Each structure stands twice: as C-alpha cells, then as structure tokens.
Amino acid sequence: MANKISDETIEYVGILAKLELSDTEKENAKKDMGDILDYIDKLNELDTSDVEPMSHAFPVNNVFRTDTVENGDDRENMLKNAPEQNGEAYVVPKTFD
C-alpha cells in the first residue's frame, strides 16, 4: 500500500464530516481511504494520450425546441373576461398606499 493515511488525517476527515468514529471505524476508514488512493494511482498509470477529453460520457445535444410565438398579442381576448380594465391592462385594487 503506497498511500499511507495517518491517524491525524482520519481525525480531520471525521471532524469535517461531523462524525464520531470508534477506533475500529477509524482503522476501517484508514484502510478504505488507502485502497481508494491506491486505485486512483493505478488509474493514473493508464496511457490516455490518444483519448480525446470530454465533458460527458454520452454526446449531449441541445434538446430544446426553438422558441416561437404561436398566439401572439391577443390583448383584446385576454381582457374580455376581466372584471375591470382600462383598455390595455387589468385594473386591480391597491394593496398598499
């Protein structure tokens, strides 16, 4: 195991995560974190010089439709059912002075 995790590191991670770990849990966490770092080191050994960088694993295309106006400015019909209007807008009671 090339990556040694210290007891101080486990304590610090426990404080950051707001966890109270027993001694057994600390030892297990230390082993698990070491295994994770060893695996990352193993991945770093791969030759990725011919691999094109990507931001997503799958191709992402714009899935949005174009924004087109379909019913336009139909102010007269919208104001037709208003209880009170001033010709171009709804009239509502004041909520404050």
Side-chain angles (χ1 to χ4, degrees):
M1 178 152 86
N3 292 299
K4 293 280 186 180
I5 305 295
S6 67
D7 292 332
E8 292 81 22
T9 303
I10 295 297
E11 287 288 331
Y12 184 65
V13 170
I15 290 169
L16 290 176
K18 298 183 180 181
L19 296 174
E20 293 182 24
L21 301 173
S22 68
D23 290 337
T24 307
E25 290 171 327
K26 288 178 187 177
E27 288 301 316
N28 289 339
K30 193 177 354 178
K31 180 190 174 306
D32 290 343
M33 289 177 82
D35 291 344
I36 291 168
L37 292 176
D38 286 341
Y39 185 72
I40 291 170
D41 284 344
K42 190 172 189 171
L43 289 175
N44 285 334
E45 294 173 7
L46 292 172
D47 179 24
T48 59
S49 59
D50 294 335
V51 178
E52 183 180 334
M54 60 182 170
S55 60
H56 296 283
F58 301 103
V60 178
N61 299 322
N62 186 0
V63 295
F64 299 109
R65 63 177 169 77
T66 56
D67 191 15
T68 57
V69 177
E70 293 184 9
N71 51 357
D73 185 19
D74 198 12
R75 183 176 296 161
E76 289 178 15
N77 279 335
M78 288 189 288
L79 292 173
K80 195 185 299 184
N81 293 324
E84 197 174 340
Q85 58 176 315
N86 68 0
E88 60 184 37
Y90 298 108
V91 176
V92 296
K94 286 185 177 181
T95 55
F96 60 91
D97 289 322

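Atoms considered below: every heavy atom in the structure, side chains included; atoms not considered: hydrogens, waters and symmetry mates. Each residue takes its place number in the sequence, starting with 1. Bear in mind the structure is a predicted one, so any value in this text is a computation, not a measurement.
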Point to revise | Gap between atom CD1 of Ile15 and atom CD of Glu20 - 0.5 Å precision | key: 11.0 Å

Review point. Is there a chain of hydrophobic side chains (I, L, V, M, F, W, Y, each step under 4.5 Å between heavy atoms) that links Tyr39 to Leu46?
Key: yes

Review point. Donor-acceptor pair, Thr48 side chain versus Val51 backbone, under 3.5 Å?
Key: no

**Study point:** Distance (rounded to the nearest 0.5 Å) between Ile40 CD1 and Lys42 NZ
**Key:** 13.5 Å

Review point. Which of these, Asp38, Asn28, Ile5, sits in a side chain to side chain contact (heavy atoms under 4.5 Å, CB included) with Met33?
Key: Ile5

Study note, to complete from the structure: So CD1 of Ile10 and NZ of Lys30: to nearest 0.5 Å the spacing works out to 7.0 Å

**Study point:** Distance (rounded to the nearest 0.5 Å) between Ile36 CD1 and Lys31 NZ
**Key:** 10.0 Å

Exercise for review: Would you tell me whether Lys80 and Asn77 have side-chain atoms, one donor and one acceptor, within less than 3.5 Å of each other?
Suggested key: yes

Give the table of side-chain donor-acceptor pairs shorter than 3.5 Å for residues 82-93, with sequence neighbours excluded, one pair per line with atom names and distance.
from  : atom 1 : to    : atom 2 : distance (Å)
Gln85 : NE2    : Leu79 : O      : 3.3
Asn86 : OD1    : Glu88 : N      : 3.2
Asn86 : OD1    : Ala89 : N      : 3.0
Tyr90 : OH     : Met78 : O      : 3.2

Review point. Roughly how far apart are Glu25 CD and Leu19 CG, rounded to 0.5 Å?
Key: 8.5 Å

**Study point:** Set of side-chain hydrogen bond (donor to acceptor under 3.5 Å, both in side chains) partners for Asp47, sequence neighbours left out
**Key:** Ser49

Point to revise | From Glu27 atom CD to Asp7 atom CG, the distance as rounded to the nearest 0.5 Å | key: 6.0 Å

